[in-house]
Undergrad: 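To start, I am sharing the structure in question, which I have written as structure tokens.
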Number of protein chains: 2
Amino acid sequence: MAGNSRQAGASVTSRALAILSAFDEQHRAMSLSDIAARADLPLATTHRLLGELFRWGALDRLPSGDYVIGRKIWDIGHLAPAETGLRQVAEPFLHDLYGATLATVHLAVRDGAEVIYLDRLRGNQSVPVVSKVGGRLPLYTTGVGKVLLAYAPSEVQDTVLAGLTRITPYTITQPGSLRRQLRQVLDKGYATTREEMTLGACSIAVPIHQRDRVVASLGLVVPTLKGSEQRLYGALRVAAQSIGRRL
Amino acid sequence: MAGNSRQAGASVTSRALAILSAFDEQHRAMSLSDIAARADLPLATTHRLLGELFRWGALDRLPSGDYVIGRKIWDIGHLAPAETGLRQVAEPFLHDLYGATLATVHLAVRDGAEVIYLDRLRGNQSVPVVSKVGGRLPLYTTGVGKVLLAYAPSEVQDTVLAGLTRITPYTITQPGSLRRQLRQVLDKGYATTREEMTLGACSIAVPIHQRDRVVASLGLVVPTLKGSEQRLYGALRVAAQSIGRRL
DNA sequence: GCCATGTTTTCCACTGGACGGAAGCCGTGG
DNA sequence: CCACGGCTTCCGTCCAGTGGAAAACATGGC
């Protein structure tokens, strides 16, 4: 009854993992029933699994009783070598970049059809940005995103090109025009955006190469690129090369 | 035989979690048999669970075949509110502090009898430090640690005092002398260390209050405190108050 | 090349722990 | 006071996880 009630290959472990997957940026705190609904699991089962995860430290509870991701996950996550290794190496160069430009500095990698921000340096009086460390944004509205997209396999590009949605009046929504920009990124060696994600924020970004593969992108967010594009590009290129050499 | 072979209340989920727990700073990459040994699970079972965790993205594999923590854990970990909330709020103030002092800046919380570093700003030419974001250190050899220990429940203090081990010639190993220092921390409002963790590195740290509870600590690492102690304390206090007010 | 040694992967019959419907509990508010 | 929605506990059924064993695979010594 009630249709296909449960996923086919649902192993025990995968249920616990399904619960963790139920959390995302829009759902940082959820009640038992929310989680059960989002993970598509029966209440009683969810309840028991939540108990186990909580006891272990994977989840915490707010005074309200809602569940949130716990410290232990944050903690163990920092053992991930790809993320922390790159960050570790890049850190001092990000500082230098910030010192030299006073712009918001971003270090990001691609995950599927999204950017994930590994690190961000933001000054006190920098332009407001929506990025967060650990957060995700579309590939086609940010400087670092465009770089990563330009070097991504064509399946990924196709997926992204098929789903362009307007965020600001300046967001690129024409597949042809985005495709042209991506070609330019490969030619010129850097990408730019002009208020395509946030009004009042422009950005410029370059790839970070490990051997001959592009593994990450380094970007700056500034109020305007007028006149400073080449200077910022120069600073970015030096930093990206230094980071790449050290990987 | 060979003693008590398996934990008593070992639920399925807890085995997957035991595998994740097998990873730590000294064991970032492990083979199947290493993991099975550390998690105290049979090889075949471990193998299957590793497969599930890998397929989901909780674990990655190196070219060598060794398992490491995967991006997904890092990713989900950043949804933990305690960690990221505090970081988010503190970030601009850490920058200011760095700008004003050019010292390495630390933001840390206590977990049991250890410090966990939530954030670190390190200049290019700062004193070398052993801290890492997401890393753990003892409570009694670091500035932020002493602050957090001074405000910790007495059980925690007793545990720590019972296990003082020398790291540098200047590490405090006398329980009495540490206890005296902790009292001073409460009196003066800040803690200092002088080469107790790393030779050539001194530190000063203050508590961050949320309402009337101490939730974190903010610290600076410098080559020497000579003459600058009061100036650094002033800067720290202002920053810590601003952060606390915003929580 | 060949065998000895250590590690990873696959297999499968058995069984004990997960499953989840249902009933009880608790807080809220009409 | 009772009705309602969400949380927690209970417990008999049964199937998915278990793990010993053996097969594949990788090393490396001679």
Side-chain angles (χ1 to χ4, degrees), chain A residues 1-24 26-70 81, chain B residues 1-24 26-70 81:
Chain A
M1 45 238 66
N4 46 355
S5 52
R6 196 73 55 246
Q7 292 290 32
S11 67
V12 181
T13 303
S14 82
R15 301 190 184 198
L17 298 179
I19 285 182
L20 292 181
S21 298
F23 290 85
D24 64 24
Q26 278 69 52
H27 302 85
R28 288 165 167 261
M30 288 186 285
S31 68
L32 167 62
S33 11
D34 291 341
I35 297 173
R38 279 178 60 84
D40 187 27
L41 293 171
L43 264 183
T45 304
T46 308
H47 182 258
R48 184 169 31 78
L49 291 174
L50 285 175
E52 282 183 53
L53 290 167
F54 173 70
R55 238 165 289 126
W56 185 74
L59 297 176
D60 259 356
R61 302 196 74 170
L62 301 177
S64 69
D66 280 9
Y67 293 86
V68 293
I69 297 292
Chain B
M1 37 238 67
N4 44 355
S5 52
R6 196 72 57 247
Q7 291 289 33
S11 69
V12 181
T13 303
S14 81
R15 301 190 183 197
L17 298 179
I19 286 181
L20 293 181
S21 299
F23 290 86
D24 65 23
Q26 277 70 52
H27 302 84
R28 289 166 166 262
M30 288 186 286
S31 68
L32 167 64
S33 11
D34 290 342
I35 298 173
R38 279 179 59 84
D40 187 27
L41 293 171
L43 266 183
T45 304
T46 308
H47 182 257
R48 184 171 30 79
L49 291 175
L50 285 175
E52 281 183 55
L53 290 168
F54 174 70
R55 237 165 289 126
W56 186 74
L59 297 176
D60 259 353
R61 303 197 71 170
L62 300 177
S64 69
D66 280 10
Y67 293 86
V68 292
I69 296 293

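Remember, predicted model here, so these are calculated numbers, not experimental data. A note on names: the letters A, B, ... follow the listed sequences, proteins ahead of strands, and every chain is numbered from 1.
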Undergrad: Please enumerate all residues that pass side-chain hydrogen bond (donor to acceptor under 3.5 Å, both in side chains) together with A:D24, with sequence neighbours excluded.
TA: A:H27, A:R38
Undergrad: Roughly how many Å is it from CG in B:L17 to P in D:dG17, rounded to a whole number?
TA: 15 Å
Undergrad: Can you list the residues that meet the side-chain hydrogen bond (donor to acceptor under 3.5 Å, both in side chains) rule with B:S33, with sequence neighbours excluded?
TA: none
Undergrad: Between A:L59 and A:F54, which heavy-atom pair has the shortest distance, and what is it?
TA: O-CD1, 3.3 Å
Undergrad: What are the two closest non-hydrogen atoms of A:V68 and A:A29, and how far apart are they?
TA: CG1-CB, 3.6 Å
Undergrad: Is the distance from OP1 or OP2 of C:dT8 to the nearest side-chain N or O of B:R48 less than 4.0 Å?
TA: no
Undergrad: How many Å lie between CD on B:E52 and P on C:dT10, as a whole number?
TA: 14 Å
Undergrad: So which atom in A:A36 and which in A:T46 form the shortest heavy-atom distance, rounded to 0.1 Å?
TA: CB-OG1, 3.5 Å
Undergrad: Do B:S21 side-chain atoms and B:L17 backbone N/O form a donor-acceptor pair below 3.5 Å?
TA: yes
Undergrad: Would you indicate, yes or no, if D:dG19 has its OP1 or OP2 atom less than 4.0 angstrom from a side-chain nitrogen or oxygen of B:T45?
TA: yes
Undergrad: What nitrogen or oxygen pairs link the protein and nucleotides 4-8 of chain D at under 3.5 Å?
TA:
from	atom 1	to	atom 2	distance (Å)
D:dC7	OP2	A:S33	N	3.1
D:dC7	OP2	A:S33	OG	2.2
D:dT8	OP2	A:H47	NE2	3.4
D:dT8	O5'	A:H47	NE2	3.4

Undergrad: Report the distance from atom CG of B:L59 to atom P of C:dT8, rounded to the nearest whole Å.
TA: 14 Å
Undergrad: What residues form a side-chain contact (heavy atoms from CB on, under 4.5 Å) with B:A18, not counting sequence neighbours?
TA: B:A39
Undergrad: Without decimals, in angstroms, what is the distance between B:I19 CD1 and D:dG19 C1'?
TA: 14 Å
Undergrad: Over how many whole Å does the gap from A:L41 atom CG to C:dG20 atom C1' extend?
TA: 11 Å
Undergrad: What pairs with A:R55 under side-chain contact (heavy atoms from CB on, under 4.5 Å), at least two apart in sequence or on another chain?
TA: A:E52
Undergrad: Rounded to whole Å, how long is the line connecting atom CE of B:M30 with atom P of C:dT8?
TA: 12 Å
Undergrad: Would you indicate whether the side-chain heavy atoms of B:F23 and B:M30 approach each other to under 4.5 Å?
TA: yes
Undergrad: Could you tell me, to 10°, how much the axis swings from one end of the helix from C:dG1-D:dC30 to C:dG30-D:dC1 to the other, five pairs per end?
TA: 40°
Undergrad: Just N and O in the side chain of A:R15: are any of them under 4.0 Å from OP1 or OP2 of C:dA18?
TA: no
